[in-house]
Amino acid sequence: MTGTGGTAFTDDLLTPAASGDPYPLLHALRETDPVHWSAAHRAWLITRYDDNSASFQNKAFSSDRVRPLLAARADRPERAREPSASDTVLGLIADWMVVSDPPAHTRLRKLAAGAFKGQRIAAMTEQITAIVDTHIDGFLQESGPADLIAGIAYPLPATVIATMLGAPPEDRDRFREWSDELALVAFGTGGAARADRHERALRGLQEMAAYFRSLVEYRRREPGEDMLSALMAKEGDDRLSDDELVAMCALLLFAGHETTTNSIANSILALLRHPEQLERLRAEPELIGTAVEELLRFDGPIKVLNRWVVAETEVRGTVIRPGERVHLILASANRDPEKFTDPDVLDIGRSPNPHIAFGKGIHACIGAQLARTETRIAVARIVERMPGLALAGDPEWKSVLASRSLEALPVTHGGGRS
Ligand code: HEM
């Protein structure tokens, strides 16, 4: 593309260069063409903070993007027979609040909110610290370079959500596998090379659905203090059906898994690349609160959110029409110099920090407090317990649009502390 400044540059966010470091391209787009039609992405790329922020309130932008897909598939004559594996997977996802508009969204969100009460998250602090410390203990057994994601950032969120949903400890490893299988479909992370991905995901998801169904039955007999019991506590018309409960458990597992893993991994990478900020955090551990907000702003887990246009609307004078697609680029909004002073500088004491790494408006992340708690504890414990932590090579970024996701984070820990 050619920006209004006359400089030619590609607008493809999936080139190896842009996957590694999207910020120069996002900076150019934000400066020269902040509401940009991208032929590469077949979508409008919205890059300024104010436009992203306003888009979350714009009723012309719909989140309901799975149901229309299912309806279109159902209309095709060859679909009249057995539903395919991908139809079944989409059927489960279609019940998720994150891909619903009001009024369906309003009802699901209200029912889920009770399970995310502040006290419930606060009560998890000790358990999360214990889970983090166990993974760090294991990681410290490695003598050479090892992947901090595989050792700590990846297993943590699934274990935490499994614990919160009230699953017995021996079942918790399976949560990770289910989340991965779902990712194969939802993010297409398997790519064309994984032609069997829908079948694989379906097998995993059927197992997961059966598991959650039996957990629901168990909690109906024996309610506890867990999140699932809280989700089931409502009575009357306004309660979740069993299918909805299963879909909700799958969403909570999935939405909080890769995002939190990436939040921890991206945070540690940013600190290792800014040793003066890492030292500052070591010297002033009480900065962990503002540090995590800044790390979420600086290189947060979600790069792009999708919306479908359902009514004609205007963004910064550009007309956007029904049937078109919009990419809200959080990674760009969070580096907008009109909103943040020196946006490319990592400053762990930055305050205020109105980043939108958790989105905004009716869909703003319902798990944000849990994600913050997990990231704060994990980053604080890693920094404290691994004073010799160092990068072992240049990590590679996955080529995905939705997220900022590392393939691996190879580090040496240089010995640890208990
Ligand atoms: C650092 C980690 C996380 C980040 C950066 C993050 C980010 C986001 C963002 C940007 C959205 C808005 C999506 C949209 O507008 O389309 C969202 C929604 C959501 N998140 Fe998170 N999330 C994180 C962790 C979690 C966790 C731990 C959970 C739960 C266990 C969770 C559950 C959800 C759910 C259920 C929604 C949908 C809310 C709705 O549609 O009303 N997230 N998240």
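Each ligand, and each atom within it, is numbered from 1 in the order the structure gives. Start at 1 with the first residue, then count along the sequence.
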**Asked** Does W44 have R325 sitting over its ring (NZ/CZ under 6.0 Å from centre, angle to axis within 45°)?
**Response** no
**Asked** Is the F340 to H355 ring centre distance short of 6.0 Å?
**Response** no
**Prompt:** Closest non-hydrogen protein atom to atom 35 (C) of ligand 1, residue and atom name please, with distance?
**Reply:** I366 CG2, 3.4 Å
**Message:** For atom 27 (C) of ligand 1, what's the nearest protein heavy-atom neighbour? Residue, atom name and distance, please.
**Reply:** G256 CA, 3.5 Å
**Message:** Can you report which non-hydrogen protein atom sits closest to atom 23 (C) of ligand 1, along with the distance?
**Reply:** T259 OG1, 3.5 Å
**Prompt:** T375 to ligand 1: N or O pair under 3.5 Å?
**Reply:** no
**Fill in**
re atom 33 (C) of ligand 1, the protein heavy-atom contact at minimum distance is A255 CB, 3.6 Å
**Message:** Could you identify the single nearest non-hydrogen protein atom to atom 1 (C) of ligand 1 and state the distance to 0.1 Å?
**Reply:** S263 CB, 3.5 Å
**Request:** Find all atoms of ligand 1 within a distance of less than 4.0 Å from any non-hydrogen atom belonging to L252, and give their numbers and elements.
**Result:** 29 (C), 30 (C)
**Prompt:** Where's the contact between C365 and ligand 1, heavy-atom distance under 4.0 Å: side chain, backbone, both or neither?
**Reply:** both
**Prompt:** Looking only at heavy atoms, is any part of L253 under 4.0 Å from ligand 1, and if so is it the side chain, the backbone, or both, or is it neither?
**Reply:** neither
**Prompt:** For the side-chain contact (heavy atoms from CB on, under 4.5 Å) test, which of I268, L278, V383 pairs with L389?
**Reply:** I268
**Request:** Return yes or no for this condition: an N or O of H363 is under 3.5 Å from an N or O of ligand 1.
**Result:** yes
**Request:** Classify the contact between H105 and ligand 1 as side chain, backbone, both or neither, using a heavy-atom distance cut-off of under 4.0 Å.
**Result:** side chain
**More than 12 heavy atoms from other groups under 6.0 Å of NE2 on H27** = no
**Message:** Does only the side chain of I362 get under 4.0 Å from ligand 1, or the backbone, or both, or neither? Count heavy atoms.
**Reply:** backbone
**Asked** Are Y23 and D299 linked by a side-chain donor-acceptor pair shorter than 3.5 Å?
**Response** yes
**Asked** Relative to the heavy atoms of I161, which atoms of ligand 1 are at a distance of less than 4.0 Å?
**Response** 30 (C)
**Asked** What atoms of ligand 1 come within less than 4.0 Å of a heavy atom belonging to G359?
**Response** 10 (C)
**Request:** Measure the distances from the heavy atoms of S63 to every atom of ligand 1 and state whether one is below 4.0 angstrom.
**Result:** no
**Request:** Would you check if the distance from the ring center of F212 to the ring center of Y218 is below 6.0 Å?
**Result:** no
**Request:** Give the ring-plane orientation class for F298 versus H274, where under 30° counts as parallel, over 60° as perpendicular and anything between as tilted.
**Result:** perpendicular
**Side-chain ion pair, R42 and E324, N-O less than 4.0 Å** = no
**Fill in**
When distances are taken from atom 2 (C) of ligand 1, the protein heavy atom at minimum range is A371 CB, 3.5 Å
**Asked** How does L305 reach ligand 1, by side chain, by backbone, by both or by neither, if only non-hydrogen atoms under 4.0 Å count?
**Response** side chain
**Asked** Near R109, which atoms of ligand 1 are under 4.0 Å from a heavy atom of that residue?
**Response** 38 (C), 39 (C), 41 (O)
**Asked** Quick one: does S229's side chain have a donor or acceptor within less than 3.5 Å of a partner on G224's backbone?
**Response** yes
**Prompt:** Which bit of M97 is near ligand 1, meaning a heavy atom under 4.0 Å away: side chain, backbone, both or neither?
**Reply:** both
**Request:** Verify, without hydrogens or angle tests, whether T373 (side chain) and Q369 (backbone) share a donor-acceptor contact under 3.5 angstrom.
**Result:** yes
**Parallel, tilted or perpendicular, as decided by the 30° and 60° cut-offs, for the rings of Y211 and W178** = tilted
**Prompt:** When you measure from atom 6 (C) of ligand 1 to every protein heavy atom, which one gives the shortest distance, and what is it?
**Reply:** F358 CD2, 3.6 Å
**Request:** Specify side chain, backbone, both or neither for F116, according to which of its non-hydrogen atoms lie closer than 4.0 Å to ligand 1.
**Result:** side chain
**Asked** At under 4.0 Å between heavy atoms, which part of A357 makes contact with ligand 1: side chain, backbone, both or neither?
**Response** backbone
**Fill in**
dist F254:CZ -> E181:CD (nearest 0.5 Å) comes out at 12.0 Å
**Asked** So which heavy atom in the protein is nearest atom 15 (O) of ligand 1, and how far is it from that ligand atom?
**Response** R307 NH2, 2.7 Å
**Message:** List ligand 1 atoms under 4.0 Å from L251, heavy atoms only on the residue side.
**Reply:** 35 (C)
**Asked** Would you say the side-chain atoms of S62 and D101 include a donor-acceptor pair closer than 3.5 Å?
**Response** yes
**Prompt:** Once the angle between the rings of H41 and H327 is folded into 0 to 90°, is it parallel (under 30°), tilted (30 to 60°) or perpendicular (over 60°)?
**Reply:** perpendicular
